[in-house]
Amino acid sequence: MEKYNPQAIEKKWQALWEREQTFRVTEDPRRDKFYLLVMFPYPSGRIHMGHVRNYAIGDLIARHQRLLGRNVLHPMGWDAFGMPAENAAIKQKTHPGRWTYANIEVMRRELKSMGLAYDWQREFATCDPVYAHREQELFLQLLDQGLVYRKLSLVNWDPVDQTVLANEQVIDGRGWRSGALIKRKELSQWFLRITAYAEELLADLAKLDGWPETVRTMQANWIGKSHGVEFAFQLDGHPATLPVYTTRPDTIMGVTFCSIAAEHPLAREVAAANPAAAAFVRECQAGGTSEEALERLEKKGFDTGLRALHPFTGAALPIYIANFVLMSYGTGAVMAVPAHDQRDFEFAKKHDIPIRVVIQPSGSPLDPDALTAAYTGPGVLVDSGPFDGLDNATAKERVAAAFQERGIGRATVNYRLRDWGISRQRYWGNPIPMIHCPRCGVVPVPREQLPVPLPEDVDLTVTGNPLEAHPAWKHCTCPTCGSAARRETDTMDTFVESSWYFLRYCGPDVPDAPLDRDRVNHWMPVDQYVGGIEHAVLHLLYARFFHKALRDLSWVRCDEPFTRLLTQGMVRKDTMRCPEHGWRYPNEVREDGGALRCADCGAVIAVGRNEKMSKSKHNVVDPNDLIAGYGADTARLFMLFAAPPERDLEWNESGVDGAWRFLNRLWRLVHEVLERAPGARPARAMPADRELRALRSRTHATIDKVGRDLERHQFNTGIAAVMELVNEGSQALAERPDPLEVEAAAILRELAETALLLLNPYVPHITEELWAALGGDGLLCNQTWPVADPEALVREQITIVVQVNGKLRARLQVAADLPEAELQAAALADAAVQAHLAGLTVRKVVVVPGRLVNVVAK
RNA sequence: GCGAAAGUGGCGGAACUGGUAGACGCCCUGGACUUAGGAUCCAGUGCCGCAAGGCGUGGGGGUUCGACUCCCCCCUUUCGCACCA
C-alpha cells in the first residue's frame with residue numbers, strides 16, 4: 001500500500017478539476033439551482049484562518065448540494081477597494097492598485113490550494129474598472145429614485161494631518177499617526193436614503209426564518225423603531241421653538257429640563273454670544289464620532305440660560321447643552337424626566353435640577369427625595385393634572401391625543417436607523433460621479449460619460465484627500481452649461497461594492513449593463529450565505545437595502561437577497577504585547593523560565609485578551625504552513641471538526657494531528673478493503689450474519705446522521721459519526737479472516753464507498769483519490785449522495801434507562817416494541833432498582849417510551 | 001454606555017423536542033509490536049472514594065417525577081456600535 005501523500009494527491013485533483021472545468025456552471029432549467037455565497041475577502045495579502053474556516057464551510061455545503069443533484073452556483077471574487085491599500089501603498093511606495101492586484105494573485109493561488117469548488121470564470125475584483133463603472137451607473141439610478149442626497153455630518157478630524165480619520169484610526173481620542181487630539185467636524189457628505197426602507201427592512205426580517213434569530217434581533221434593534229410624540233417647546237422670550245421627540249409622553253408632567261446636542265442650532269446661537277458656552281461647545285466637539293465614544297463620555301452639561309415653556313403648565317424649564325445628546329437621533333433635543341430616565345436622573349442630581357415623580361409603581365410609593373435611581377417601570381400617573389390615575393400605557397395614548405387636540409404635537413414613529421453616509425475622503429474607492437458647477441449646482445456625470453476613472457498618477461502622501469490635490473483630475477467642465485467645474489472628490493464607502501457583488505456574479509460578463517436581469521432572476525435569491533458574525537448588522541443591512549432599491553429599479557425580482565444565513569464565529573487566539581515593540585507574532589516571543597519574553601528586547605510579554613485573529617494584533621496563524629505541512633484536506637477537516645461553525649474557534653495546534661491520523665485511518669481502511677476483497681460489489685441488502693447486520697446498520701445510520709447534521713449545520717458531529725463508522729470498519733477487518741467471505745466483502749465495500757461519499761464534501765482530494773483506487777466510475781464529486789436503507793435503520797433491541805427518584809439505577813436491554821406495561825414491570829423487577837426501593841412506597845412511575853422509566857418513591 | 005451571544009473533564013467539543021452528562025478527537029498513563037513511523041494496535045482516562053456510593057454542566061435561587069436544556073438574579077468572556085472590512 002502506498003503512503004498517503006496529500007501534497008501529490010491534492011495537486012493532481014486540483015489540476016484535473018481545473019482542466020475539466022468541473023465546477024463551471026451555467027443555467028440549467030432541468031435541475032434545481034442552488035446559490036451558495038461566501039463573503040468575498042478583502043485582498044489584504046494572504047488568506048488567514050478566518051478565510052479558511054469560511055470557505056471550508058461554504059465548500060462543504062456547495063459540494064454537498066452538488067451531490068444532492070442541485071445545479072450549484074459557487075463564485076468567488078475580491079472586495080478590493082479600501083483603506084489598507086492606501087496605507088500599504090504609502091508605506092511601500094507603490095500604487096494601491098498594484099498592491100491590491102498583487103495580493104489577489106497570491107490569495108487566489110492560496111485559495112486554489114484549498115481545493116475549493118468555485119466557478120472561477122465569474123471572478124472579479126470590485127476595483128476592476130468595469131465593476132466600478134457599473135456601480136457609478138447604479139448610483140445615478142439611485143439618484144434618479146431620490147435615494148441620494150447631501151447633508152452635513154460629523155467626521156473625525158485630525159487637525160495636525162488635516163485629514164479625516166476612520167473610527168478605528170482614532171485611539172483614545174487621538175489620531176493614530178499624529179497623536180493629535182481629534183475633533184468632530186462637520187462636512188457636507190453624500191447619503192443613501194436607507195431610512196426610506198426602514199419599515200420594509202424591519203418587517204421583512206419576519207420572512208427570514210433561515211437566518212439566526214440573534215442576527216434578526218440585532219438588525220431589529222439597530223433599526224430601532226419606536227412610537228412616540230413629536231412636539232415643539234415654545235421658548236421664554238425667544239422666537240425659536242425647540243422640537244423634541246419622546247417615547248415617554250406619559251411622563252410629560254415630570255419634565256424639569258431639556259437638553260440639546262452641541263451641534264444644535266440653538267447651541268450654536270448661544271455659543272455665538274456667550275464665550276463660556278462657546279468653550280463648552282468646543283469641549284463637546286473633542287474626541288471621535290463613534291457612538292461608543294460618545295456614550296462612554298462623562299456626562300456634562302451647560303445651562304444656556306434659555307428657558308423652554310412646558311406645553312401644559314407653562315413652567316419655565318432650563319435648556320442645557322449636553323455632550324451625550326446626539327444630533328443625528330430624533331431632533332437633537334430631548335425633554336428630560338429625571339424621575340423616570342436614568343441618564344436624566346444623574347444629570348439632574350449633578351446640576352441640582354428638581355425631580356418630579358409622576359409615575360407610581362404599585363406597592364410602596366416613590367419618594368422623590370429618597371430616590372437613588374430613576375424608576376422606568378410601569379405604574380399609575382400622579383401629579384399629572386388631568387392624567388392622574390391613568391396607568392402609564394393608557395396615559396401614553398391620552399397625552400399624545402392631548403398634544404394632537406391642542407395642535408402642538410403629534411404621535412409619530414421614529415427609527416434609530418440613520419441614513420447611510422457613503423462619502424469617503426480617500427483615493428482608493430469608487431469616485432462618486434457628480435460634478436460641482438458654479439452655475440448649475442451639483443449635477444450628475446451624464447451616463448455616456450461614465451465611468452469616472454481614478455487617476456493613476458496620484459500622490460498619496462499629501463495631507464487630506466489625494467483627489468482634492470490632483471488638479472488635472474479634479475477640474476472639468478460642466479456637462480450642462482460647459483463652464484469650468486470641479487469633480488466630486490469623495491469616493492464611495494466600500495460597503496457599496498459589497499451590496500451588489502452577489503448580483504454581479506450571476507452574469508459578470510454582461511455587456512453594457514450593471515446586471516444581467518435574466519440570469520440574476522434565475523439565480524437569485526442566494527440560497528445560503530456564509531460569513532462572519534461581525535457582519536451581522538452593517539453589511540447585511542446595507543446589502544438588504546441596496547437589493548430592495550435595485551428591485552424597485554426592476555433589476556431583480558425577489559424582495560430579500562439571502563434566504564438562509566450561516567454566521568460563523570471568529571477564529572481567535574491570545575494576543576501578546578511587548579511594552580517596547582507592541583503587538584508580537586508568536587515567533588517574536590521566546591519562553592524563558594516560565595515567562596514569555598520579547599525576542600528583540602527581552603521584556604516580559606503581556607499575554608492579552610483572546611480575540612479575533614487580525615493582522616493589527618499580530619495574533620494570526622498562517623494557514624499556508626498548515627496546508628503545506630498536512631495538506632488542504634487535513635486543514636479543512638480540522639477547521640470543520642474543531643467546533644460547530646457558529647461558535648468562536650479558539651486556535652489550538654493540537655487537534656490537527658487528530659485530523660491527519662483520521663485521514664490515514666481512512667486511507668488504510670479503503671486500501672485494506674481493496675486488497676482483501678478485490679472486485680467486491682457493495683452490498684445492497686441486509687445480510688444474514690448478525691455482526692454484519694449490525695455493521696450494515698451502522699453504515700446506514702451514519703448516512704442518516706451525516707445528512708441530518710449537514711442540514712442543521714452541525715458539521716463536527718457529522719465527522720464524528722464517520723469516524724465511528726471507519727473505526728468499526730477497521731475493527732471488523734481486524735477480526736475477520738483474510739480473504740474476506742463474500743458477504744463480509746460486500747458489507748465492507750459498501751461501508752468504504754459510503755464513507756468516501758459522506759466525506760467527499762469535507763475532504764475532496766483524498767476521497768477522490770481513494771474512489772479512483774476502488775475503481776469508481778467517474779469523479780466522486782459527480783456521484784449521488786447516498787440514501788439510507790430504511791430496513792437497515794430499524795432498531796431491534798434498545799437500551800432503557802431506569803431511574804429511582806431521578807437517579808440512574810439500572811439499564812435494561814429490551815425489544816424495541818416491548819409494551820409499556822411489560823417495560824414498567826421489568827424495570828420494577830430489576831434487582832438494583834429493588835435495592836433502592838427498599839423501605840420506600842412507590843408513588844408514581846413515569847415511562848418515556850424508547851427512553852426511560854423513572855420510579856418516584858418516598 | 002447600548003445591542004447581541006457564549007460559558008460543560010487537563011483541552012476542543014457531544015447530548016437534536018425537558019429524559020443515560022462527557023459521543024468523537026486531543027492530551028496523558030500502562031501495555032503490545034518493531035520495516036523506529038507524522039507510526040500502529042490494546043487497555044485506562046470527569047472529580048472524591050478500597051468499595052458501596054456520593055458529587056458534578058460559570059455562581060446563586062426557582063419550576064419539574066426529571067434541568068446543560070425552561071424562569072429570575074449575578075459573574076466572566078466575545079462580537080457589533082454607523083469611516084476597518
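What you are looking at is a predicted structure, and each value in this text was computed from that prediction instead of being measured. We name chains A, B, ... by the order of the sequence lines, and we start the count at 1 in each one.
- Applying the 4.0 Å criterion to OP1 and OP2 of rC79(B), one finds that Arg647(A) has every side-chain N and O outside that range.
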Report the C-alpha distance between Asn414(A) and Ser226(A) in whole Å, list the side-chain angles of each, state the deciding distance to 0.1 Å, and finish with yes or no for side-chain hydrogen bond (donor to acceptor under 3.5 Å, both in side chains). CA-CA 5 Å; Asn414(A) 195 45; Ser226(A) 64; 4.6 Å; no
Dot-bracket for RNA chain B, 5' to 3', with Watson-Crick and G-U pairs under 3.5 Å, [ ] for crossing pairs and | for other-strand pairs: what is it? (((((((..(((......[....))).(((((.......))))).(((....)))..(((((..]....))))))))))))....
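- Of the P atoms belonging to rA67(B) and rU57(B), the separation is 11 Å, rounded to the nearest Å.
- Here, rC26(B) and rU45(B) have their C1' atoms 13 Å apart, quoted to the whole Å.
- The gap from the P atom of rC65(B) to that of rG12(B) amounts to 36 Å, rounded to the nearest Å.
- Rounded to a whole angstrom, the distance from the C1' atom of rC72(B) to that of rC28(B) is 41 Å.
- One distance of note links CG of Leu152(A) with CD of Glu186(A); it measures 5.0 Å at 0.5 Å rounding.
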Once base and sugar-phosphate atoms are separated, protein heavy atoms under 4.0 Å mark nucleotides 32-52 of chain B, 5' to 3', with B, S and - as ------B-SSS----------
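- Taking atom C1' on both rA21(B) and rC68(B), the two are 8 Å apart, rounded to the nearest angstrom.
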Go through the steps for Tyr762(A) and Asp633(A) under the test side-chain hydrogen bond (donor to acceptor under 3.5 Å, both in side chains), then give the verdict. CA-CA 8 Å; Tyr762(A) 291 89; Asp633(A) 282 339; over 6 Å; no
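- In this structure, Glu292(A) pairs ionically with Arg296(A), as a charged nitrogen and a carboxylate oxygen lie closer than 4.0 Å.
- Looking at the side chain of Asn727(A), the nearest of the listed nucleotides rC24(B), rA14(B), rG53(B) is rC24(B).
- Using a 4.0 Å heavy-atom distance criterion, Val164(A) is classed as a base contact.
- Nucleotides rC79(B) and rC73(B) place their P atoms 25 Å apart, quoted to the nearest Å.
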